[in-house]
Colleague: 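Got a structure here, written out as structure tokens. Questions coming.
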Amino acid sequence: MAGANLKAALKDGILGAVVAAALALPMLGFRLVDSASALTLATRFDWVAWAAAIVGLGRFALCLLRQAVPADRVPVLPDLGAKFPKARLVAGWAMAGFALALPFLPFADRSLVDKATLVLIYVMLGWGLNIVVGLAGLLDLGFVAFYAVGAYSYALLATKLDLSFWLCLPMAGVFAAGFGILLGFPVLRLRGDYLAIVTLGFGEIIRVILQNWVDFTNGPNGISGIPRPSLFGLVFTANAPEGKTTFADYFNLDFSGDHRVIFLYFVILALALLTNLFTLRIRRLPIGRAWEALREDEIACRSLGLNPTMIKLSAFATGAMFAGFAGSFFATRQGFISPESFTFIESAVILAIVVLGGMGSQIGVVLAALLLVGLPEWFRELQQYRMLAFGGAMVLIMLWKPSGLLSHRAPTIRLGKGATP
Amino acid sequence: MEYFLQQLINGLTLGAIYGLIAIGYTMVYGIIRMINFAHGEIYMLGAFISLIAFLVSTLLGGTSVAFGLLAALVSTMVLTALYGWAVERVAYRPLRNAPKLAPLISAIGMSIVLQNFSQLTQGARVKPLPPLFKGGIELMHGETFSVNLSYLQMTIMALTVALMVVFTWVITRTSLGRAQRATEQDMKMAALLGVNTDRIISATFVMGATLASVAGLMVTLYYGVIDFYIGFLAGIKAFTAAVLGGIGSLPGAMLGGLLIGLIEAFWSGYFSIEYKDVAAFSILVLVLLFRPTGLLGRPEVEKI
């Protein structure tokens with residue numbers, strides 16, 4: 001028995017090694033070298049041997065492991081959410097409290113707060129997309145388009161018309177929502193995958209336009225010198241411009257660049273929490289319930305007299321609005337934007353955050369954003385392997401937990417006794 | 001008129017390449033209802049492998065270009081097919097019964113992995129290849145402009161037609177093709193009747209990857225430069241082509257590919273080259289508005 005198992009594992013391992021060797025031979029075994037005269041090849045067959053050995057041994061070990069541990073006894077994470085219904089609420093409040101206190105904790109330095117700001121941008125985008133994908137069940141592969149619209153509307157309004165951040169923020173949201181409606185109106189009749197490709201195409205169209213409409217957007221060079229936000233008129237610079245007071249002067253503090261970083265952190269935290277609160281509340285409203293009902297069964301919704309197009313459109317526009325807010329925050333934080341920041345990969349990252357988090361789960365989005373955006377930030381030195389690991393992580397997490405990290409989803413509304421409001 | 005004809009030829013050549021990639025998308029979508037996002041990268045790998053194989057054959061002393069190309073064609077078909085098989089085996093098969101978005105995310109992850117894999121192993125710079133096919137026929141001689149059909153364009157079109165014939169034969173006449181069509185119609189029923197559906201799905205990925213690898217070889221020859229990023233744009237355009245033709249329909253994929261190629265060629269010929277991608281996507285939106293299932297797609301019957 002044991003012999004047969006070992007034999008099977010050995011066979012599996014050898015097969016894996018052979019396949020790996022064949023796969024590695026062209027891409028790892030040879031390297032294209034451009035020299036002055038022509039393209040030539042360099043060889044590195046030792047890499048092929050390494051790849052084959054690693055894959056072969058890996059397959060062998062995996063096969064033995066699978067035989068030793070039957071499939072039904074593979075340890076899985078217990079579904080904490082289902083076991084302790086209050087746990088999520090507590091965890092949510094704990095996280096919010098921690099996020100509020102973060103800049104004042106002893107170990108928090110400028111770079112940590114900066115990284116946390118970046119993670120929060122993605123948390124906010126994730127929560128925004130969650131409305132579209134998680135609640136309404138519409139697959140949107142071009143979410144970055146609305147993010148770009150928000151960023152460019154703030155950047156253009158601020159640099160050309162000299163409007164303040166706080167005035168532009170709602171306008172950016174409105175513009176992005178408008179684009180959402182503009183795109184959504186014709187295409188929301190389409191079924192899931194058609195919608196996916198059209199939104200993907202739309203994302204690309206926006207990027208191509210931003211890149212080529214040089215008079216308006218300054219093309220690939222982007223827009224620089226985007227003004228920073230102020231706190232009720234208090235600016236975060238060392239010396240106040242004419243007629244303004246600096247934050248440090250007003251509160252009798254020594255000027256420090258950290259103030260602005262911390263301020264920006266709190267702005268995005270507030271925006272993200274606003275998104276979260278909005279989502280939590282709207283799920284209790286008729287429109288939020290209609291989104292979820294539509295996701296579950298479109299035909300049933302229609303026969304109950306709901307208008308699918310209007311419901312989808314509202315979800316699409318709402319998600320886009322939050323992306324617009326996040327975009328204008330992104331523009332003001334960076335001070336510089338260019339079409340490079342709004343490629344398809346951003347859409348993929350945001351979608352991955354939503355799906356990996358477990359669709360519809362608000363805390364899951366935070367965890368996934370920490371994992372996908374926060375973690376790679378610590379490994380900046382390994383820049384070139386970062387994206388490889390990122391893609392690998394996406395595949396592995398999906399294989400490990402196909403319905404997301406926190407997949408348990410409590411029904412918003414129940415019939416009969418024990419109904420939770 | 002001469003200009004028009006020239007753009008037509010260029011568009012058809014480009015369209016043949018898109019069509020070959022689109023078939024991989026449409027077949028996979030037809031069988032397991034998933035957008036195989038990594039398919040564009042498979043095509044990119046096909047381009048790299050064919051370039052490497054061609055250089056290897058010249059290094060080994062093959063002096064004739066024809067022999068080198070044949071070697072490149074065969075090895076890229078085999079090795080890229082293996083990549084297609086491996087991707088399905090590793091990233092998609094374990095997710096067969098998972099929620100609908102899981103394979104999509106896994107596919108996007110795989111596409112990022114493959115793209116960065118080839119960037120890391122082959123470098124980020126574009127790889128140029130001097131033109132191997134020179135010359136062509138002058139079809140029409142205008143006063144200011146003459147229409148050329150290069151030998152390379154003829155080869156591309158001939159190869160595409162040949163592949164389409166073989167492919168149609170496989171799908172309509174062989175037992176593998178019959179099993180594929182059965183699996184596409186109803187996977188569970190096909191499995192009950194003794195079709196090894198896992199193997200059929202693998203075969204589908206292998207066939208798609210083979211066609212994409214030929215497209216990769218053609219692009220290497222046609223444009224003369226490749227880099228690790230070509231898969232993305234070609235991938236979404238080919239998927240657009242598949243949707244345009246009606247996803248799940250094989251002639252539709254080819255037709256969609258040709259249309260996308262023609263739109264691109266004419267748009268860049270007559271309007272602006274920067275906005276050619278915008279044109280392709282706008283046409284897609286328009287077609288979907290009036291024919292939501294694509295040009296040749298069957299309308300999906302919703303069962304309650």
Side-chain angles (χ1 to χ4, degrees), chain A residues 19-20 22-23 25-34 38-41 47 133 139 186-187 189-194 196-198 200-202 204-205 208-209 211-212 298-299 344-345 348 351-352 355-356 359 384-388 390-399 402-404 407, chain B residues 29 33 35 45 48-49 51-53 55-56 59 75 79 82-83 86 90-91 94-95 98-106 108-118 120-123 125 127-130 232 236 239-240 243 247 274-275 277-278 281-282 284-285 288-289 292 300 302 304:
Chain A
V19 171
L23 288 182
L25 182 67
M27 294 302 283
L28 282 178
F30 297 98
R31 185 181 165 83
L32 293 162
V33 185
D34 350 62
L39 208 57
T40 54
L41 283 175
W47 288 31
V133 179
L139 183 51
V187 303
R189 295 189 305 148
L190 304 173
R191 280 186 309 109
D193 305 288
Y194 290 89
I197 191 68
V198 171
L200 173 64
F202 180 69
E204 280 299 299
I205 288 178
V208 170
I209 290 177
Q211 199 140 27
N212 291 307
E298 186 166 338
I299 296 173
F344 167 70
I345 199 83
L351 184 68
V355 178
L356 294 184
M359 294 214 302
Q384 46 178 177
Y385 299 103
R386 214 162 63 104
M387 284 315 283
L388 193 70
F390 176 80
M394 268 165 82
V395 177
L396 288 179
I397 295 177
M398 276 294 109
L399 294 184
S403 47
S407 51
Chain B
Y29 189 88
R33 308 266 142 206
I35 305 174
L45 286 173
F48 268 98
I49 293 174
L51 180 54
I52 288 168
L55 289 177
V56 168
L59 276 187
S75 43
L79 289 171
L82 197 60
Y83 266 98
V90 170
L95 294 173
K100 206 167 161 275
L101 279 182
L104 181 76
I105 296 294
S106 178
I108 294 176
M110 210 64 215
S111 141
I112 296 175
V113 166
L114 291 177
Q115 213 177 79
N116 285 279
F117 168 69
S118 69
L120 284 173
T121 53
Q122 303 296 341
R125 290 174 55 188
K127 305 284 178 284
L129 180 76
F232 173 66
I236 54 175
F239 187 70
T240 304
V243 173
I247 199 150
E274 287 93 11
Y275 288 105
D277 302 342
V278 174
F281 288 123
S282 309
L284 172 77
V285 173
L288 287 181
L289 280 185
E300 192 127 320
E302 268 181 89
I304 303 173

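Note that the coordinates shown come from a computational prediction; the quantities given were computed from them, not determined experimentally. Naming convention: chains lettered A, B, ... in sequence-line order (proteins, then strands); numbering from 1 in each chain.
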Colleague: Looking at L23(A), L388(A), V208(A), V395(A), which one has more heavy-atom pairs under 4.5 Å with chain B than the rest?
Modeller: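 The answer is L23(A).
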Colleague: Side chain, backbone, both or neither: which part of V19(A) has an atom under 4.5 Å from a heavy atom of chain B?
Modeller: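 Its backbone and side chain both get close to chain B.
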Colleague: What residues form a side chain to side chain donor-acceptor pair (under 3.5 Å) with Q211(A), not counting sequence neighbours?
Modeller: R207(A)
Colleague: So F232(B) and I345(A), do their side chains get closer than 4.5 Å, heavy atoms only?
Modeller: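 The answer is no; the side chains never approach within 4.5 Å.
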Colleague: Report the residues that fulfil side chain to side chain donor-acceptor pair (under 3.5 Å) with S111(B), sequence neighbours left out, ordered by chain and then residue number.
Modeller: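 For S111(B) the side chain to side chain donor-acceptor pair (under 3.5 Å) partners, ignoring immediate neighbours, are E41(B).
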Colleague: Taking every heavy-atom pair that is under 4.5 Å apart, which of V198(A), L399(A), L356(A) has the most such pairs with chain B?
Modeller: L399(A)
Colleague: Does some side-chain heavy atom of V355(A) sit less than 4.5 Å from a side-chain heavy atom of L104(B)?
Modeller: no
Colleague: Write down the atom of M398(A), the atom of L95(B), and the distance for their closest heavy-atom approach.
Modeller: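 Residues M398(A) and L95(B), closest heavy atoms: O-CD2, 3.4 Å.
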Colleague: Of all the heavy-atom pairs spanning A22(A) and L79(B), show the shortest one and how long it is.
Modeller: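 For A22(A) versus L79(B), the nearest heavy atoms are O-CD2, 3.5 Å.
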Colleague: What part of L114(B) gets closer than 4.5 Å to chain A, counting heavy atoms only: side chain, backbone, both or neither?
Modeller: neither
Colleague: Between F202(A) and chain B, which part of the residue has a heavy atom less than 4.5 Å away: side chain, backbone, both or neither?
Modeller: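 Neither part; nothing is under 4.5 Å.
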Colleague: Any idea which heavy atoms bring Q122(B) and M27(A) closest together, and the distance?
Modeller: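 Here Q122(B) and M27(A) meet closest at NE2-O, 2.7 Å.
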Colleague: Go through the atoms of I108(B) and report whether side chain, backbone, both or neither lie under 4.5 Å from a heavy atom of chain A.
Modeller: both
Colleague: Counting only heavy atoms closer than 4.5 Å, note whether A91(B) contacts chain A via side chain, backbone, both or neither.
Modeller: both
Colleague: Looking at T121(B), I35(B), I236(B), I49(B), which makes the most heavy-atom pairs under 4.5 Å with chain A?
Modeller: T121(B)
Colleague: Starting at CD1 of I397(A), measure out to CD1 of I105(B) and round the result to the nearest 0.5 Å.
Modeller: 10.5 Å
Colleague: Which heavy atom in I205(A) sits nearest to a heavy atom in S282(B), and how many Å separate them?
Modeller: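 Looks like CD1-OG, 4.3 Å.
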